[in-house]
4 protein chains.
Amino acid sequence: MHEERSKPGRPRDRAADDTIRKAALKLVRERGYRNVAITTIAREAGVARQSVYNRWATKADLVLDAVFEDTGRNAEPASPTPDISCRMHLEAFLERVFDHIGSDGGTLRALIAAAQEDPDFQNAFRERFVKPREELVTRLLIEAQDRGELPRWADPDLLSAMVHGTFWYRLLNGHDLDHGLAREIAASVFR
Amino acid sequence: MHEERSKPGRPRDRAADDTIRKAALKLVRERGYRNVAITTIAREAGVARQSVYNRWATKADLVLDAVFEDTGRNAEPASPTPDISCRMHLEAFLERVFDHIGSDGGTLRALIAAAQEDPDFQNAFRERFVKPREELVTRLLIEAQDRGELPRWADPDLLSAMVHGTFWYRLLNGHDLDHGLAREIAASVFR
Amino acid sequence: MHEERSKPGRPRDRAADDTIRKAALKLVRERGYRNVAITTIAREAGVARQSVYNRWATKADLVLDAVFEDTGRNAEPASPTPDISCRMHLEAFLERVFDHIGSDGGTLRALIAAAQEDPDFQNAFRERFVKPREELVTRLLIEAQDRGELPRWADPDLLSAMVHGTFWYRLLNGHDLDHGLAREIAASVFR
Amino acid sequence: MHEERSKPGRPRDRAADDTIRKAALKLVRERGYRNVAITTIAREAGVARQSVYNRWATKADLVLDAVFEDTGRNAEPASPTPDISCRMHLEAFLERVFDHIGSDGGTLRALIAAAQEDPDFQNAFRERFVKPREELVTRLLIEAQDRGELPRWADPDLLSAMVHGTFWYRLLNGHDLDHGLAREIAASVFR
DNA sequence: GAATAATCGAGACGGTACGTCCTGTCTTCAA
DNA sequence: TTGAAGACAGGACGTACCGTCTCGATTATTC
């Protein structure tokens, strides 16, 4: 039944959650992750600093959460349909990802960077962001093997890492990610 | 003729350069990039803090420089010999890189992270660290095409990005890099 | 009604005010104004450095405040009683001041010096320290005129400046201030 | 014969002495003693920092010297002439001093302040600046006693300290020194 | 309805690191 | 030996954040 046992005391203001997330996202996009202090986010959201700490342990957690609220969707779809080849599916997935990164790449880069400096955050980031996307591609490649589009001896896990690794590498080194790259990667996997 | 015009004023103590670099490297390995302050490095090196600021603008610059002094070598060799296949060359190169990362991976991760937060540093990092290694692999793959080990239609640039991207991706997500992975990547490229 | 509206936020630790002042005074007496850093005062008081900056803008402000807490009293009394001549009152006042300066003259000299280098501090110093003492003597001299101890044509303001100026001059040039000087000054004024 | 034995090596550039003094005086007048660094003076004079240290031990020494070069004259004259009363002499002396302070009071205040913070400088300042002026007034008052302008029971030393102390006190507390004050002080002494 | 308890805005707290500035000494080359 | 230049050790400065804490006020649940 999932009965929501309400605790005693003043309940948390749920509306503030979103206000803070929005403020965080806005500031991170404007000034870059590093140049945004929690104090600044709280002020922008019109909220006490403690109210931020009540909800998220670190800045990285908060920003990760904020990015999700905004981009959580684009990991879900891509359920392969029979009429379209898996290669096209992969290409379409990459195009969607690249489009999003185009407008918000700096934030992703900041999150990857933050993950290198904080083990806890790295864990959260991998579980909630990296893994779902990686597995999505892995499943797609297994489907491709089932359909005969990809040879059996290929290793879907490794290929998935190569796919993501390729655009991470480009992204982290300051390149733009365009649809051409999406096509090339897909071609290279399914050559 | 490259005449070495000595500037006026007391010359910098060249020995200190190295002492500082060594101190930086030691501390970063022991405590992690984030947990090392410039003050600490200066103290460890037995040097005034200003002497550090005289040489490097930021901690990232210093550490990058220190890592070079230590690892600059392993980007140079790998001149392909005719009696060994390019695939074996690539595998050997990756094994060497992975061995080094095994003992010093945290530092590389920290440098990649730092590059995401500082455009100037990103540039230096790419020019002095990333590019040489990327081009080394690219040249190796072109040699492979010349020898007929790799099909003409493959794109060496993209493949090189995939090779590096793959182990960056693994590294950045907390995986260990072992010789098995080196073999798998090489196999995947030359399949 | 002087309603004490409590400001929002965590209130300042009023006890710390005093701890810091005491630490400042102690260190300044031991080592001299110049040789005491704010960091040292904070450490001595067992307080964060920021907590000092939260209360006082400069070292001089802090020390001025500290000296007050300690010496604020000796500007107040000296309410002239009819049975004692104004000259004796002046002499007693000067003796009291000189006694205090005997143990703490270095601090007063440092404050006068600090006032020469910072207009804001000069203002605070004059309003809170110099003026009250100057006016005390001025009033005493006016009372003396009323009693007929001092001729009407004397200028109490100027005489007060001469009284203070004389021992400032001695103090600033490294002389000791003893009761003999107190007597001589009083005699000179009431000759 | 006072033969000037010329030392071996490059002789000191005598012209630089003056250039440095002028630069020091200029900067101290513009920005105030505290806000001028030796580095700044050296740069303004177009001279190496060491060249300053070669000539003066401290900033205070240098500035003291510079002020002398400029004001040394006005302590010398005032040899009392029989046709003018000592009181008029004193008044004239004070007027001259006040005129000079009017344009350069900040520097004197800075020197007095510096003397409070450095015993060596205090000594130099007293011997070379304070004493001559104090004794000048003392001698003038003795002459006055000889002439019968001042009673025998007055103490010239104390009166001289009162005279100087009065305008020091005014000066150090930010008052202007005008001819009116000169007259009042002289009148008060000779009343 | 009173007691209890968590949240809110606000801001002080102990800390840590930063990058700048200045001092007085030392070291180089050239005059 | 001096001069210009500039590096050196050392240390204080004031600022910026961090994550914790302490207020009084508010808003809910529990007794």
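Here is how names work: the chains are called A, B, and so on, in the same order as the sequence lines, proteins then strands, and each is numbered from 1. Atoms considered below: every heavy atom in the structure, side chains included; atoms not considered: hydrogens, waters and symmetry mates.
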Expected list for residues 38-46 of chain A: side-chain donor-acceptor pairs under 3.5 angstrom, two or more places apart:
residue: A/Thr40; atom: OG1; partner: A/Ala37; partner atom: N; Å: 3.4
residue: A/Thr40; atom: OG1; partner: A/Ala37; partner atom: O; Å: 3.3
residue: A/Glu44; atom: OE2; partner: A/Lys26; partner atom: NZ; Å: 3.2

May I have the list of side-chain donor-acceptor pairs in residues 18-25 of chain C shorter than 3.5 Å, sequence neighbours left out?
residue: C/Asp18; atom: OD1; partner: C/Arg21; partner atom: NH2; Å: 3.4
residue: C/Asp18; atom: OD2; partner: C/Lys22; partner atom: NZ; Å: 2.9
residue: C/Thr19; atom: OG1; partner: C/Ala15; partner atom: O; Å: 2.9
residue: C/Arg21; atom: NH1; partner: C/Asp65; partner atom: OD2; Å: 2.8

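Legend: residues meeting side chain to side chain donor-acceptor pair (under 3.5 Å) with D/Ser51, ordered by chain and number and at least two apart, are absent. Annotation: side chain to side chain donor-acceptor pair (under 3.5 Å) contacts of C/Arg49 (sequence neighbours excluded): none. For B/Asp13, the side chain to side chain donor-acceptor pair (under 3.5 Å) criterion is met by no residue, not counting sequence neighbours.
The phosphate of F/dT2 (OP1 or OP2) has no side-chain N or O of D/Ser51 nearer than 4.0 angstrom. A sub-4.0 Å separation between OP1 or OP2 of F/dC23 and a side-chain N or O of C/Arg14 is absent. Applying the 4.0 Å criterion to OP1 and OP2 of F/dT2, one finds that D/Asn54 has every side-chain N and O outside that range. When the side-chain nitrogen and oxygen atoms of C/Arg10 are compared with OP1 and OP2 of E/dA10, none of them lie within a distance under 4.0 Å.
Judged by distance alone, with hydrogens and angles left aside, D/Gln50 brings a side-chain donor or acceptor within reach of the base of E/dC26, the pair sitting under 3.5 Å.
Atom CZ in C/Arg12 sits about 6 Å away from atom P in E/dC13, given to the nearest Å. For B/Arg31 and E/dT16, the CZ to C1' distance is 13 Å, given to the nearest whole Å. We find that OH of C/Tyr53 is positioned 8 Å from P of F/dT15, with the value rounded to whole Å.
By the 4.5 Å heavy-atom criterion applied to side chains, A/Phe125 and A/Gln122 are not counted as neighbours.
DNA chain F is contacted by B/Gly46, B/Val47, B/Ala48, B/Arg49 of residues 35-49 of chain B, taking any non-hydrogen atom closer than 4.0 Å.
In this structure, A/Arg55 reaches the sugar-phosphate backbone alone: every heavy-atom distance under 4.0 Å involves primed, P, OP1 or OP2 atoms, never a base.
Proximity of a side-chain donor or acceptor of A/Arg12 to a complementary backbone N or O of A/Asn54 within less than 3.5 Å is detected.
Comparing B/Pro8 and C/Pro8 against DNA chain E, the residue whose closest nucleotide sits nearer the 5' end is C/Pro8. Two residues, A/Ala16 and D/Lys59, neighbour DNA chain E, and the one matched to the more 5' nucleotide by heavy-atom proximity is A/Ala16.
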